[in-house]
Structures are given as structure tokens and as C-alpha cells.
Amino acid sequence: MSVPSVDKQASNTPSSTKEKADAIVPVGDDAQDDYAHLPPEEADLLRSQVQVTPVNLSFFKLYRYSTALDLAILAVGYVCSIIAGTLQPLMTIVFGQLSQTFVDFFAYGGSPEHFQHEINKFTLYFVYLGIGEFVFTFIGTFIHIDRGEVLSARIREQYLASTLRQNIAYFDKLGSGEITSRITADTNLVQEAMSEKVGIMLTGLSTFIAAFVISFIKSWKLTLILSSVVVAIVLTMGFLSTFMVKFSLRSLEGYSVGGTLAEEVLASVRNVQAFGVQDRLANDYDKYLRITEKWNFLQGIVMAVMFGSLFFCIYCNYALAFWQGSRFVASGSTNVGSIVSVLLCMIIGAFSLGQIGPNVQSVTSGVTAASKIFATIDRKSVIDSSSEEGAILESFNGDIELKDIKFIYPSRPDVTVLENMNLKIPAGNTVALVGASGSGKSTIIGLVERFYQPISGTLTLDGHDITKLNTKWLRQQISLVSQEPTLFGCSVYENVVHGLIGTKYEYAPDDDKRKLVIEACEQANAWTFIQTLPDGLDTNVGERGFLMSGGQKQRIAIARAIVSNPKVLLLDEATSALDTKSEGIVQDALDRAAKSRTTIVIAHRLSTIKDADLIVVMSKGKIVEQGRHNGLLEELGTYYGLVQAQKIEKSKNAEHEDHDSAHTQFVTGEKGPDYRDDTNILDVARTRTKQSISSLIVTNRSVPERRKYGIWKSIAMIYNLTKPELPFILCGSAAAIVNGLGYPVQSVFFAKCVQAFQVTPDQYHQMRSTVNLYSGLFFMLAFVEGIAFVCTTGFLAYVAQKLVRRIRYESLRQMLRQDIAYFDREENTTGALTSTLSKDAQSVEGLSGATLGQILNSLVTIVAGTILSIAVAWKLALVCFACMPILVGCGFIRFWMLQRFQERAKLAYDKSASFACEATSSIRTVVSLTREYDVFSKYKSEIEDQVMKSRISTVRSSLLYGLAQGLTFFIMGLGFWYGASLLKDHTYGVTQFFICFIAIMFGSQSAGIIFSYAPDMGKAKQASENIQNLFHSIPQVDSWSEEGIIPQGVQGDIEFQDVHFRYPTRPEVPVLRGLNLTIRKGQYVALVGSSGCGKSTTISLVELFYLPLSGKILLDGQDISTLNVNAYRSHIALVQQEPVLYSGSIRHNISLGTPRDVTDDEIYAASRQANIHDFIMSLPDGYDTLCGTKGALLSGGQKQRIAIARALIREPKILLLDEATSALDSESEKVVQGALDRAAQGRTTIAVAHRLSTIQNADIIYVFEDGKVLESGTHQELLANRSKYYELVQLQVLERT
């Protein structure tokens, strides 16, 4: 099965490929920049692999994945929202009729009974309108939220499906962090744009239109005159919204780059902490946050001008309406009832238009975000693994031939990697590719896997051009094991089963699959260690396999590759991470597996390929030599030189045999080789309870619990974070108070005007004079409110953007402060943390910014309206405001419901986002396993589960929201009925009634508006809780701590005293079981042993990534747990097995070796030491060459040498090398090893190595087994001892065969 196809949009438009590590190429005019030096057809071919055509979206295009049923349901939702909106202005007809009844009763007299009868009739109309409003608002809101979730889920699915279909060059240009940002933050924006915001907008729009229709019926002349103001509003909004879209797009672009950087930094947190560059990288992230802040602030300014213009126009409308209306009444062309209806319609219509404003922003942001998502969905991939096109061969032998291949990476068009490459690989043969890093070995594997298109030439399988074969079928015939193996965050069993995708066993019963998996694991020498895991085959390997050692990951990856019994096997440094013993066994398994199939092997450790049918020696994209091992040795050429560099010195038997026992220490007092007996191991430091020390400590450990924080704590946190902007908050809040006072003031002006109308015709001149005065006051109010709205929104938008940036920056700093155990926990995957940075800071805006202004405004309106009403007509005010708690209570319950919904949704979408992020960041592994459909279907089921779970919560919250809206009418009805009773008895006059009634009406409307912000407040509350939990998390090993002794005059003596250790996430598995070892200053010490025996753990403990459970680690006699973390780490440099580089230049990456500023001369010196300076200078941009996301634009060896340069620039006292040269070819390794040997002089060096030729000159070699030292001594002493080390050496000897 293939990934569901999505709408595809081909485009041949040339694109701009301005080299950025941050962005995929948009189509533009400056398209020739990077490809100008190439012939047009080559340039077009490269461009097509990275080009993305921008998509211009309209709002309705968001619904492209709707089915007929969806559209029918949405139509019902739209109709309900429209009806709910129309019911509001219908109330003005009732209001107008009531006003006429008042005029008739007071101006011309009439019986109180008839007056009461009319009032009762109109009050019932309010009740009917309230019921209608409740029902239609509930249905409309539910449908919009529910369908918004359903349809945005489909967009999420289509985006992931489309991303998984893209060719690899697309990912070389695009950061996986950007994909994570799209799949979390941007899809949320799209969901918002399709959810209740649309319903609220539709309701507002229909209210506005219905108000106009009623106005025209009542008095078309007055309505036409007043509509001039509406035209002004529409033109202003239309003009300003174009800027909104533009600034929104720029802001999203800025953050996507920052998101990629954050993802890279969090994915390599060990590296970041080891080099102490947390603050430097956080500051780099902040540079992108500044860009986002700038564009978001400009968006806020446009929003402010929009609001200001809108309310200025609305109040001007009142002035014009009363002034012109009084003239029409005087001329006898209309009556008071019609004027009041038109006026009220205009108030409600204008009010509803104001309600649309904030939601337009959400919809605009959603459409902008969707345009980026749909650009990927519509992109036609040059190599599409989901396509059904291409031939499928019924059978084939496995002959592979490269004919005149020329290749250039699309992301690095200046460098030709392969030139006229010709190579025949006969079926069933094993061909080894050797040569310097960057010579094009891995590129050949990439071309066989069809990751890239060659510029010219053909690559054939059994004579068939592979570009004519079906891509998915081709990849299913090939198994790839790469240098840095990628495992997925599931069980060992599931990881290996991924290798069966596309075979006849894919849907076989579980028992059959388990047999195959166990067989493959046995072949890959993985079964022994898998059986020792807590849950055996069902043990979770952690995100990207972090719970496994390098060798364990590699063996699981090999099992995954051979489980399907493929015809073609590609091994790109497949055994580089294995210890010698495992390598020997696995190599034997791979040799057996290779007999019946075509195998291409890339190896730097030449002992692994001496039996190959053909060895091809490459240099600079060309073949230098080829032949068998012995033949090439006789030629004394390049290969001979490589072999000499890796020879292991033989034992000087005669000299050392006698001193065997004297020099070889079986450390920790075990009884010689019998140590391997498991019963002895378990006896270590037992207590009377028959539990080991580490078990007891683990049992007594408390797990940190997630704390809950109330709304006041959240507000306090936001206040503390925005303290520097306090003057702006105060100015914005003061302006919001002025805004809120607008409605009560307006109610006084309105009541005075209505009262002025209630005169007989002979007093019309006095009526005109009074109305003119109040029209002037309305005009003054327009200016005051317009300016106040600009100030409120402008000031608070500035504060909100400062807050968002500060939260993101501080959150990243706080994450980088945490110890490594924090990142080992399942809930803190890179995807989840990147998503937190992206979403939570944005969500906190729901308690600040424009939302805060609107809430303040509404609160002031309610409070001021209440006070005014009580002052003017306390009896009526008290009755009406008795209903207010019901409204507020209803809104509060909805707020609470939505908050709970947020908590659930966060977990579900975080989990699915983390899953998607894991897949896209390991895209090469996903496509080589043809796992696209598998990833897609799992993601789809997770998303669909979340949609189903959300539905009940949506029903409840919509029900309460509808009730809150309907109650407004009931309150009005009550107000009219009771008010009329008081008027009938002449307790109050008409002016008092109208002041009180309008203040209450707008009070209840404002209360309703506060609750429309409940979703934003719900998100903000949940987000601020997440942020507070992060901010209050204090790690065991705290890099911010000023405490601890500052080590002075560090010598470099290191000692482990009875150290016990278990990983916090796997407390049931002992790793170190009483480790004792001593390293003297200036010594070069090597740690060797099988995978999982604790070598890399020892390095982690020296780096203070973890604290031991018991025992001590001493530096110069001081317990390192008592030292200041940063001061201690400043004396240590680490080079890891899998080198970590960041987006940015080579210069930037090397300078990240130290928190201080370094000069170019220091960078050049470190690069020369690491044998990389000449290579860098040969690149067109030298040290300014971009490395790409995770260093994707460099070969493994080049990355490793840059990593070594980065370590040397620290000038450390202690150098930790965790398989530091495993990725290097023999030639580079020899030079780098020489450089490391020079660098090691005068410093303590601890090296973990599987390739024993690299550590044969070590001062002391510690051989580990089961978390302890089995034997130690020099190379010669250990050979003479003929124990474990001797066995390992025998497996790696390179002699003629």
C-alpha cells in the first residue's frame, strides 16, 4: 500500500535557490544565483529537486479535504450561525414597537391595562428569541469546533503524507524543526481558522446584514445616509488586512528558522552541555525570535489602527443618525419607533462588526499558515515513493552498473561529487568502497537507493535503468544499514519488524514474524543482549534509540536490514559502532548473508572488507584502484598505504610473557577469569536484604511530580515576565478603561436623545436643539474612543510580543539547564519540547495582548454600567443584575470545560507531533524501509482517536456557550417587563429606563464577549502551567548553579571508586556495578569491551551528565559532585561517536567549542590539528560554507573532523573521545589520530574505541565487562595475558588471506 496521494501541482517555474540552511527555495526572479555556472538542463534538474511553488490560498481552499457529508454538516452549521446572528437585530423591531408604545402612553395617554398587555406580548417575543438563540448557537458552535478538528486533522495527515513523499534533497534544504513547527503550531492555526472563530464571524456578519435589512424596511433614507459610514469601515478594513497577511507571513517565516535551530539544539543536548554553549545557542535562537517579534508587533499596530478606525466610525454613525433622524422626524417623513429601530440596528450591527475583528486575525493567520502547508502538499516530488508508476520486475539477479555517472548535490551546486563514474557490481558479489571522506562512497549508496537523481549517466539494475523502475518496489528489494543507525521510539521487536514492510511477511501472523525477528537478531549478534533487557524484544528503545548503546543500536539496525532477506544489501559503515567481538560475529553473519546477494560495503575499518570480491579505492569522485585484498596489497598503491595505517602491533612475546601476571591487574579483586560467572557479578556489595546498593537507592528515589497552578499563579507569572513593560501595560490598561466607559456614556447620550424625541410637533425646534447638542457629544466620544482603542491594542500588542519572545527564550534556556536525565524521560522528546516552545508561548498571549485589552474593556463596561444603572434606577438595575451571575457562571463553566479539553488535546497532539517529528527527522531510514504508509497510518489513527475523544467535551462546552448567549435575551425580556411595570406606575421616567436598559444590554453583551475568549484563556492557562512547571524544574546537575568548589590548577587525575550506576529511565537495569579505575594526569587511557558494558556511560559520568547512585568519581582527589559544574566542565572536551553539527557556517560550528569568543587564528589552528583546514579552504566559501541541518551537507568524516576541531579549541585538560575516529577513512584517521596523539600530550585522554589499532599506543587499556574492569594494562601486556583483549585483537588482525 502506498501513502494516500494528495492533490499534486506540477510546476516548471525556475526557483531561487539562495543558499540558506533555513528555507526551502521559493520560486522567484533571482533564480539563477546558485546555478548560473551550470548548463541549463543540469541547473533545471537540480532546481526541480529543491523547488517549492508558493500557493496563494483563499479561505474556502482550507476546506479542500471536505467530503459531501462534511459540506452538508458545515452547511447546517453555517445556517445555524447565520440564524443565531439574525435573531439579534430582530430584537430591535420589538424594541422599536415598545418605544412607540412608550411614546403613545406618555405623550398621548392611554390605559395602564392596555399598556401592560402590550408589554407582556413583546416580552414573550424576547423569550422566543432567547430559546432560538440558545438552540442555533449550540448547534452552530458544536459543528464548527467539531468539523474544524476533523478537517484540520485531515490537513495534518495530508501534510505528513506529502512530506514523506518528498525527495531527500528537499529535506537537505529544509530543517526537520520547520516540519515540526508546521505540524504542531501551523496546523493549530489552521484548526482555529476553521473552528468556532468562523461561527462567531458568521454570526457577526449575519447580525450586521440583518440589521441593515431591518433598517432599510424601517427608514430607507436614514439607512442610506448612515451606510456611508459603513463603506468607510469596509474600505479601511480591506486596506489594512492586506498588511495583516503580509506581516503574518513574515513572522511565520522568521519563526520556522528559529524552530529548526531549537530542534537541532534540543536533539543534541549532550553536546550543548558538554561544551557549555547553552547561552550562546539560546542567543542565536533569540536572533530569530527578534525577527518574529518585529513582524508580530507590526501586525499588532495594524490591528490597533483597525480597531481605532472601526470604533471612530461607529460613534460617528450615532452622531449622524441622531442629527439626521431629528430632521426627518421634524419633516414628518418617519416616526419615533422607526428611528429607534434603525438606531438600535446600527448599534447592534456595528457592535457585531467589532466582534468580527479579533476573529479575522485568527482566520488570516490560519490561511497564511495553510498556504505554507499546502505548498508542501501540492509539491510534486521528483522521486515519489508513493507513485504507482514505473516497472516492477518479476525477478532479477542483482547486477548493478553505474555508467558515466555525474552527480552534484542540489543543496551544494558548487561541488561535483562524482565525475564519469563507471562501476560494475556483478550479482551476488560483495563490493567494498574505500577511500578518503568526501570521495563519493556514500553518494553511490544514495544513488542506488534513488535518494537523488544523477546529473547525467545511468544506473542500472539487471540492465534496467532504475529511474524507469517503480521507486517503492526498488527500495523494498534493497536493505540499508547506515553509519549512524536510526531506531524509532518503539520496541526492539517493532523496530526489526519494520524491515518486513513490502515483503510477503508484512501481514503474517505475529508468531511467524517473531520467529523471523529472533532469527535475524541471532544472526546480527543482538539476541544475547536483547534477552537481558527488562522486557526482552518488547523493550522500548527510546526516542531515536537513546536507551541503547551505539553497538546495540547498530545490531538492531542490522537485524532489521537482514530480516527481509533482501536481494541487495547496502552497508554504509555498518559495523563502525560495534566492539571487536561483536563486529567479528556480525561480520561473519553479514558475510554469510552477503553470499546469496549483491552487497555494497563502505568501510573505514579495512579488516571488515578483506574478503570482498572487489575492493574499489576512491578519491575525489573517481576510482583510483580496484581489485581483491591481496592483489591490491602487492601493488603497493593507495590501498597498501591505508592498510599500513591500520596495522596492529604484534605481541612481543619473548619480552613480556614472563611478566604476564605482574603487569596485568584483574581489578576489583575478582578471581581471575572466573569473574564472568554471573553469580559473582550479582554478589557485588549486597546488603542484608539481598538487594544490591544501587537497587536500594533506586527503590528509595522519588519521582518528580507535575504540579498544578491556579489562574492567579498564571497571572502572577505573566506579570513577573512583563515587568520591564509595566509602563506600556499601565498605558494600555488605562486606555482599555476609557474604552470600557464608552458604552455607559453612550447609554446616557442615547437616553437623552430618545427622551428629546418624545414631544408634540409644536416643540420640534427644541427637540432639534437638544439632539444637535448630543450629536456633537457623540462626535467627541468617537475621537476619544478611536484614540483609546489605538493605544490599548498598540501598547498591549507590544507587551504581548515581548512576552512571547521572553517566554520562548527563557524556556529554551531552562530546557538547556536541565540535566540529561530530564531528556531521557518519555514525555520530553525533542518533538514535544520543540512543540512546547512553538505553541505554549503563543498560547500565553490569550491572557495578554489584544485579548487582555478586550477583557479589561468588557469588565469596565459591566462594572460602570452596573454603577450607572443603580445610580439612575436601582430597582430595575437590581432585578436585571440578579441575572448577571447566571451569565458569568455559564461562561466560567465553559472556560473550565475548554481548559480540560486543552489538557487532553495537548497530550494527544504532542504525542502525534513527536511521532511525526521523529519520522521526518529520520527520513532516509523511513524511505529506505518504505515505512511511509506505516508512519502515515499510525499518525492518522492517533489523530482520529483525539478527534473522537474531543467530541463529548465539545458538546458540553457548546451547550454552555449557547446557554450564555440565549440568556442575554431572557435578561432583556425581564428588563423590559419589569421596567414597563415601573413606568406604568410612574416610578421612573423614560430617560431612566433607557439609561438603565442600554447599560445592562451592553453589559450582558460584554459578558458574552469575555466568554468568546474562553478558548484563548483556556489555552493560556494550560500553556502557563506547562511553562511554570518547566521554570520551577531544578535539575540534580544544575549548570546555572553558582555553588560548588571552583577547581584550581587542574592536573587531570581521575579516579572511580566503587561506582554503581543505573539510568534514571531504566532503573531495573544495572549498568556499572562497582567500577574502580584510576587515570593519572597526562595518561592516554583506552576503554574497550563489548557494547553495553558501560564504556560510554563512564564518559557520561566523567562529563557529569549524571550522578552515580553510589561510589565517588574524583578529579585530583576531589569528589566531582562537590565541584562547580561549569568550572569543572570547562576543563573537559568531548568528541562523540555521532558528530553533532548545527545549521550555520563551519566557522560558527567550530567556535561552538567554547562559550568565550575565539579568533580566526584559533579556529585555523584547531582545524589544522584536526586535519580539516585544507579541505575547508578548498571549498568555494571556505569557513563560511554552510553545514546544513545537522551537518547534512558534509560527509561523516568531514563532520567528525570539524567536531574534533571544536573540541580542541577548548584547550581542555581532559579529552574524552567516544569512538572519535570511527567515521574516518584510514588516511584521515591516521592523520587525525596523530593530531589527537599530539593534542593528548600534557592532557588526560580517555578514549572509547572498537577499532583497536587506534588505541594500541595507549598508556593503559581498561577492558570492561558487565559494568566492571576485567583486566587492564598496556597493549603488549594485555596481549601477553592472552585473555579477553587478546581475543578482540585476533578478530581485527589485517593480514593477507
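Count residues from 1 along the sequence.
Between Val492 and Val541, some side-chain heavy-atom pair lies under the 4.5 Å cut-off. Looking at heavy atoms from C-beta onward, Glu494 lies out of side-chain contact with Val497 at the 4.5 angstrom threshold. Between Val1069 and Leu533 there is no side-chain heavy-atom pair separated by less than 4.5 Å. Proximity of Ser385 to Arg475: side-chain heavy atoms (C-beta onward) are separated by under 4.5 Å at one or more points. Side-chain atoms of Lys622 and Glu419, non-hydrogen and from C-beta on, do get closer than 4.5 Å to each other. Side chains of Tyr505 and Asn565 form no contact here, defined as non-hydrogen atoms less than 4.5 Å apart. Here the side chains of Gln477 and Phe396 are in contact, with some heavy-atom distance below 4.5 Å. At a threshold of 4.5 Å between non-hydrogen side-chain atoms, the residues Met548 and Arg555 do not count as touching.
The shortest non-hydrogen separation linking Gly502 to Glu506 is N-OE1, 2.9 Å. Residues Thr925 and Arg560 come closest through the heavy atom pair CG2-NH2, 3.5 Å. When all heavy atoms of Val927 and Leu164 are compared, the pair lying nearest together is CG1-O, 4.1 Å. Among all heavy-atom pairs drawn from Ile609 and Ile615, the shortest one is O-CD1, 3.6 Å. Between Ser564 and Gly499, the shortest heavy-atom contact is CB-O, 3.1 Å. Nearest approach of Ile530 to Cys521, heavy atoms of both residues: CD1-SG, 3.6 Å.
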Going through the checks in order, is the side-chain contact (heavy atoms from CB on, under 4.5 Å) test met by Thr503 and Gln476?
CA-CA 8 Å; Thr503 68; Gln476 284 171 348; over 6 Å; no

Test side-chain contact (heavy atoms from CB on, under 4.5 Å) on Leu537 and Trp527 and set out the steps.
CA-CA 9 Å; Leu537 265 182; Trp527 186 236; 3.7 Å; yes

Begin with the C-alpha distance, continue with both residues' side-chain angles, and end with the deciding distance and a verdict on side-chain contact (heavy atoms from CB on, under 4.5 Å) for Glu389 and Thr471.
CA-CA 8 Å; Glu389 292 172 13; Thr471 306; over 6 Å; no

Determine, step by step, whether Thr443 and Tyr452 satisfy the side chain to side chain donor-acceptor pair (under 3.5 Å) criterion, reporting the C-alpha distance in whole Å, the side-chain angles of both residues, the deciding distance to 0.1 Å, and the verdict.
CA-CA 9 Å; Thr443 302; Tyr452 302 95; over 6 Å; no

Checking Trp473 against Leu393 for the side-chain contact (heavy atoms from CB on, under 4.5 Å) test, could you report, in this order, the C-alpha distance in whole Å, the side-chain angles of both residues, the deciding distance, and whether it holds?
CA-CA 9 Å; Trp473 173 84; Leu393 307 179; 3.7 Å; yes

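A donor-acceptor pair shorter than 3.5 Å can be found between the side chains of Ser1096 and Asp1218.
The aromatic rings of Tyr933 and Phe936 sit tilted, their planes meeting at an angle between 30° and 60°.
Of the possible donor and acceptor atoms, none in the side chain of Asp399 sits under 3.5 Å from a partner among the backbone N and O of Pro426. A donor-acceptor pair under 3.5 Å links the side-chain atoms of Ser937 to the main chain of Asp934, judged by distance alone. With hydrogens and angles disregarded, no donor-acceptor distance shorter than 3.5 Å links the side chain of Thr599 to the backbone of Thr430. Remark: side-chain polar atoms of Asn495 are paired, donor with acceptor, to backbone N or O of Phe488 under 3.5 angstrom. No donor-acceptor distance shorter than 3.5 angstrom exists from the side chain of Thr460 to the backbone of Asp462, with no hydrogens or angles considered. A donor-acceptor pair is defined here as one N or O able to donate and one able to accept, closer than 3.5 Å; no such pair exists between the side chain of Asn470 and the backbone of Ala391. Not one N or O on the side chain of Lys553 forms a donor-acceptor pair closer than 3.5 Å with the backbone of Leu487. A distance-only check finds a donor-acceptor pair linking the side chain of Thr598 to the backbone of Gly398 [under 3.5 Å]. No side-chain donor-acceptor contact under 3.5 Å links Ser491 to the backbone of Thr539. Put simply, the side chain of Lys472 never gets that close to the backbone of Thr930: no donor and acceptor are under 3.5 Å apart.
If you take CZ on Phe451 and OG on Ser928, they are separated by 5.0 Å, rounding to the nearest 0.5 Å. Atoms CG and NZ, on Asn397 and Lys567 in that order, are 6.5 Å from each other to the nearest 0.5 Å. The CD1 atom of Ile405 sits 8.5 Å away from atom CG of Asn422, with the distance rounded to the nearest 0.5 Å. Remark: Ser922 OG to Phe171 CZ distance equals 11.0 Å, nearest 0.5 Å. In this structure, Gln554 CD and Ile556 CD1 are separated by 10.5 Å, a value rounded to the nearest 0.5 Å. Taking NZ of Lys424 as the reference point, atom CD of Gln626 lies at 11.0 Å (rounded to 0.5 Å).
Electrostatic pairing of Lys406 and Glu42 counts as a salt bridge here, judged by a charged N lying under 4.0 Å from a carboxylate O. Residues Arg379 and Asp384 are not paired through a salt bridge, judged by the lack of any N-O separation under 4.0 Å between the basic side chain and the carboxylate.
Taking a 6.0 Å sphere around CD of Gln531, one finds it holds more than 12 heavy atoms contributed by other residues, nucleotides or ligands.
Geometric assessment of Lys938 against the ring of Phe915 yields a negative cation-pi assignment under the 6.0 Å and 45° thresholds.
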